[in-house]
Asks: 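Dumping the structure here so I can ask a few things about it.
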Amino acid sequence: MKTKRNILFLASWFPSDKSLFDGDFIERHAKSVALIHHVTVIYVVSLDGISEIKKEEEQIDDLKIIRIYFPNKSKIQNQWTKFKLYLKEINSYPKFDLIHVNVTYPVGFVALYLKLVKKIPYVITEHWTGFLPQDPAHIPFVKLFLMKKIVDNSNYLLPVSDNLGNAMRNLGLIQRTKTIRNVIDFDIFNSKENTENKIPKFLHISNLTFQKNCDGILNVAERLWKNKYIFELHIGGNGDLSPFYSYKKSSDFTDKLILFGVLSQEEVAVKMNEANIFILFSRFENQPCVQIESFACGLPVLASDVGGISEVFPVGFGQIITSENEEELYQSLKNILENKVHFKSKNEIQLFAKENFSMQKIANDFDEIYKQILK
């Protein structure tokens with residue numbers, strides 16, 4: 001029988017009252033590790049509209065989630081208050097065997113302090129696109145210097161894609177590295193019976209930001225509509241929909257553009273099972289959850305060749321296209337509508353997803369790293 005270790009998850013992003021979707025992929029990693037070990041997640045965040053510290057606890061089998069909220073003040077005050085609250089909460093527990101940092105900055109400072117003072121080893125899982133050269137985010141010199149200190153003192157760096165690991169290395173963030181990818185909950189995302197749509201359905205779900213290049217998707221869709229191709233474009237998510245509603249009012253294709261807002265994971269899975277193809281026309285990515293969730297539903301994906309997308313994209317699972325190349329996206333969708341391309345079966349696509357992104361698979365991958373450090 002495996003020894004159950006006490007693992008502390010610290011996250012720079014995590015679902016909370018401040019943002020329900022911030023770092024939901026980190027929560028899924030925590031649930032995975034909890035299949036093997038005792039996991040405690042501690043997340044401290046400032047919050048507007050409260051006058052005192054508030055603490056919430058949630059227990060799900062071997063996963064304990066603690067959210068601590070404190071009144072929002074100045075940036076410097078917030079960082080110091082956050083640090084003190086982390087240490088106070090952590091010190092109320094017996095010693096943890098290992099700390100799992102999620103997103104290096106800023107929560108990595110807490111892990112660095114605990115390693116120096118209490119000799120607790122830590123690993124880092126990284127998700128942030130800001131390390132990628134395509135991301136317009138600029139990392140100030142001081143922030144990069146501090147990140148290097150955190151990474152240098154870690155025991156392992158675990159990016160979610162090879163591409164992200166290489167980008168971090170190019171910035172001088174060098175450590176023993178192994179790619180461990182995002183995870184799928186197959187109780188939610190799974191393949192249903194083949195959907196026979198009278199009108200083909202193209203689907204895009206995201207936070208609808210500049211990164212996702214939704215404008216490019218609309219431009220291509222409009223061109224297809226004007227050329228008399230019949231299809232529906234379903235687009236939405238947890239972002240600002242107002243530009244899409246403005247477009248819909250001025251467009252002749254209002255009945256074929258279906259907009260929707262925030263969806264639960266269960267609702268996302270339903271959308272994927274009703275669609276014919278998922279469109280991911282991003283300008284930059286790491287290892288997007290919607291790609292592997294689509295695969296879990298047996299849904300082919302039409303995606304930009306950015307970040308780690310092509311690292312887990314077998315032939316016949318859709319098509320890889322050049323980022324921001326609207327002509328290429330147009331031709332790919334046109335070929336799909338004219339039945340000139342054929343994809344692998346839903347069962348083949350789903351099997352690949354199960355073999356590579358299941359909660360047990362990802363838990364085992366993390367466990368191998370933990371054992372190397374704790375042996």
Asks: Enumerate the ring-ring contact (aromatic ring centres under 6.0 Å, His included) contacts for residues 240-259, please, sequence neighbours excluded, ordered by first and then second residue.
Replies: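 Passing the test, one end in residues 240-259: W225-F253.
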Asks: Ion pair present between D365 and K361, side-chain N to carboxylate O less than 4.0 angstrom?
Replies: yes
Asks: If every non-hydrogen atom of M359 is compared with every non-hydrogen atom of V183, which pair is closest and at what distance?
Replies: CA-CG2, 3.4 Å
Asks: Kindly state whether the ring of F366 and the ring of H29 have centres lying under 6.0 angstrom apart.
Replies: yes
Asks: Do the side chain of K95 and the main chain of K118 share a donor and acceptor less than 3.5 angstrom apart?
Replies: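 Judged by distance alone, yes, a pair lies under 3.5 Å.
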Asks: Would a distance-only check, ignoring hydrogens and angles, find a side-chain to backbone donor-acceptor pair under 3.5 Å from N213 to G216?
Replies: yes
Asks: Do the side chain of R223 and the main chain of Y330 share a donor and acceptor less than 3.5 angstrom apart?
Replies: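 Answer holds: no.
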Asks: Between E324 and R283, does any side-chain N to carboxylate O distance fall below 4.0 Å?
Replies: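 Yes.
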Asks: Are the side chain of N153 and the backbone of L112 linked by a donor-acceptor contact shorter than 3.5 Å?
Replies: no
Asks: Determine, using ring centers only, whether H234 and F260 are less than 6.0 Å apart.
Replies: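 That pair fails the under 6.0 Å test.
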Asks: Determine whether H100 and Y122 make a side-chain contact, defined as any pair of heavy atoms from C-beta on separated by less than 4.5 Å.
Replies: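 Sidechains of Y122 and H100: no contact.
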Asks: Quickly, which of V290, L302, I217 forms a side chain to side chain contact (heavy atoms under 4.5 Å, CB included) with H204? Name it, please.
Replies: I217
Asks: Nearest heavy-atom pair of A137 and D135: which atoms, and what distance?
Replies: N-OD1, 2.8 Å
Asks: Tell me whether K271 is salt-bridged to E266, with the criterion being a basic N under 4.0 Å from an acidic carboxylate O.
Replies: no
Asks: Is the shortest side-chain N to carboxylate O distance from R28 to D185 below 4.0 Å?
Replies: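 No, R28 and D185 are not salt-bridged.
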Asks: Would you sort out whether N347 and S345 count as a side chain to side chain donor-acceptor pair (under 3.5 Å), showing the intermediate values?
Replies: CA-CA 5 Å; N347 288 340; S345 69; 5.3 Å; no
Asks: When you check the gap from the basic side-chain N to the acidic O, do E57 and K55 get nearer than 4.0 Å?
Replies: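 A salt bridge links E57 with K55.
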Asks: Is a donor on one side and an acceptor on the other found under 3.5 Å between the side chain of D61 and the backbone of L63?
Replies: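 Looks like no, no N/O pair under 3.5 Å.
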Asks: Would you say the side-chain atoms of T322 pair up with the backbone N or O of N325, donor to acceptor, closer than 3.5 Å?
Replies: no
Asks: Specify the closest pair of heavy atoms between Q287 and V160, including all atoms of both residues, with the distance to one decimal.
Replies: CB-O, 3.4 Å
Asks: Linking I/L/V/M/F/W/Y whenever their side-chain heavy atoms sit closer than 4.5 Å, directly or via other members, would I258 and I279 fall into one cluster?
Replies: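 Looking at the clustering, I279 is in a separate group from I258.
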Asks: Where is the tightest heavy-atom contact between G261 and L241, given as atom of each residue plus distance?
Replies: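 Heavy-atom minimum between the residues: CA-CD1, 3.7 Å.
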Asks: Distance-only, no hydrogens or angles: does the S12 side chain make a donor-acceptor pair with backbone N or O of Y105 under 3.5 Å?
Replies: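 Pair found, side chain donor or acceptor close to backbone of Y105.
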Asks: Who are the salt bridge (charged side-chain N to carboxylate O under 4.0 Å, His left out) partners of E285, not counting sequence neighbours?
Replies: K212
Asks: According to a hydrophobic-cluster definition based on side-chain heavy atoms being under 4.5 Å apart (Ile, Leu, Val, Met, Phe, Trp, Tyr only), do F278 and F281 belong together?
Replies: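 Cluster IDs for F278 and F281 differ.
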Asks: For residues N72 and L47, determine if any side-chain heavy atom of one lies less than 4.5 Å from a side-chain heavy atom of the other.
Replies: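 Contact flag for N72/L47 side chains = no.
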Asks: Stepwise, does the side chain to side chain contact (heavy atoms under 4.5 Å, CB included) test hold for L329 with N219?
Replies: CA-CA 10 Å; L329 178 60; N219 291 340; over 6 Å; no
Asks: Pairs of donor and acceptor atoms involving the side chains of residues 304-320, under 3.5 Å and at least two apart or interchain, shall be tabulated with distances.
Replies:
unit_1	atom_1	unit_2	atom_2	d
S304	OG	S282	N	3.1
S304	OG	S282	O	3.0
D305	OD1	S310	OG	3.4
E311	OE1	D162	N	2.9
E311	OE1	R181	NH1	3.0
E311	OE1	R181	NH2	3.0
E311	OE2	D162	N	3.3
E311	OE2	N163	N	2.9
Q319	NE2	S332	OG	3.2

Asks: Give a yes or no on whether a salt bridge exists between D17 and K54, defined as a side-chain N under 4.0 angstrom from a carboxylate O.
Replies: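 Salt bridge: yes.
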Asks: Starting from the C-alpha separation in whole Å, work towards a yes-or-no answer on side chain to side chain contact (heavy atoms under 4.5 Å, CB included) for F21 and V262.
Replies: CA-CA 10 Å; F21 301 97; V262 174; 2.8 Å; yes
Asks: Taking the side chain from N273 and the backbone from N190, do they hold a donor-acceptor pair closer than 3.5 Å?
Replies: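 It does hold such a pair.
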Asks: Treating N286 as the side-chain partner and H127 as the backbone partner, does any N or O pair qualify as donor plus acceptor under 3.5 Å?
Replies: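 Yes; judged by distance alone, with no hydrogens or angles, the pair exists.
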Asks: What about L263 and F25, same hydrophobic cluster or not, with Ile/Leu/Val/Met/Phe/Trp/Tyr joined at side-chain heavy-atom distances under 4.5 Å?
Replies: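 L263 and F25: separate clusters.
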Asks: Between K178 and E368 (salt bridge meaning N to carboxylate O under 4.0 Å), is one present in this structure?
Replies: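 The answer is no: the pair does not qualify as a salt bridge.
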Asks: Run through Q79, K18, K75 and flag the one making a side-chain hydrogen bond (donor to acceptor under 3.5 Å, both in side chains) with S46.
Replies: K18
Asks: For F14, does the six-membered ring have the charged nitrogen or CZ of R67 within the cation-pi criterion, i.e. under 6.0 angstrom from the centroid and within 45° of the normal?
Replies: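 No, R67 and F14 do not form such a contact.
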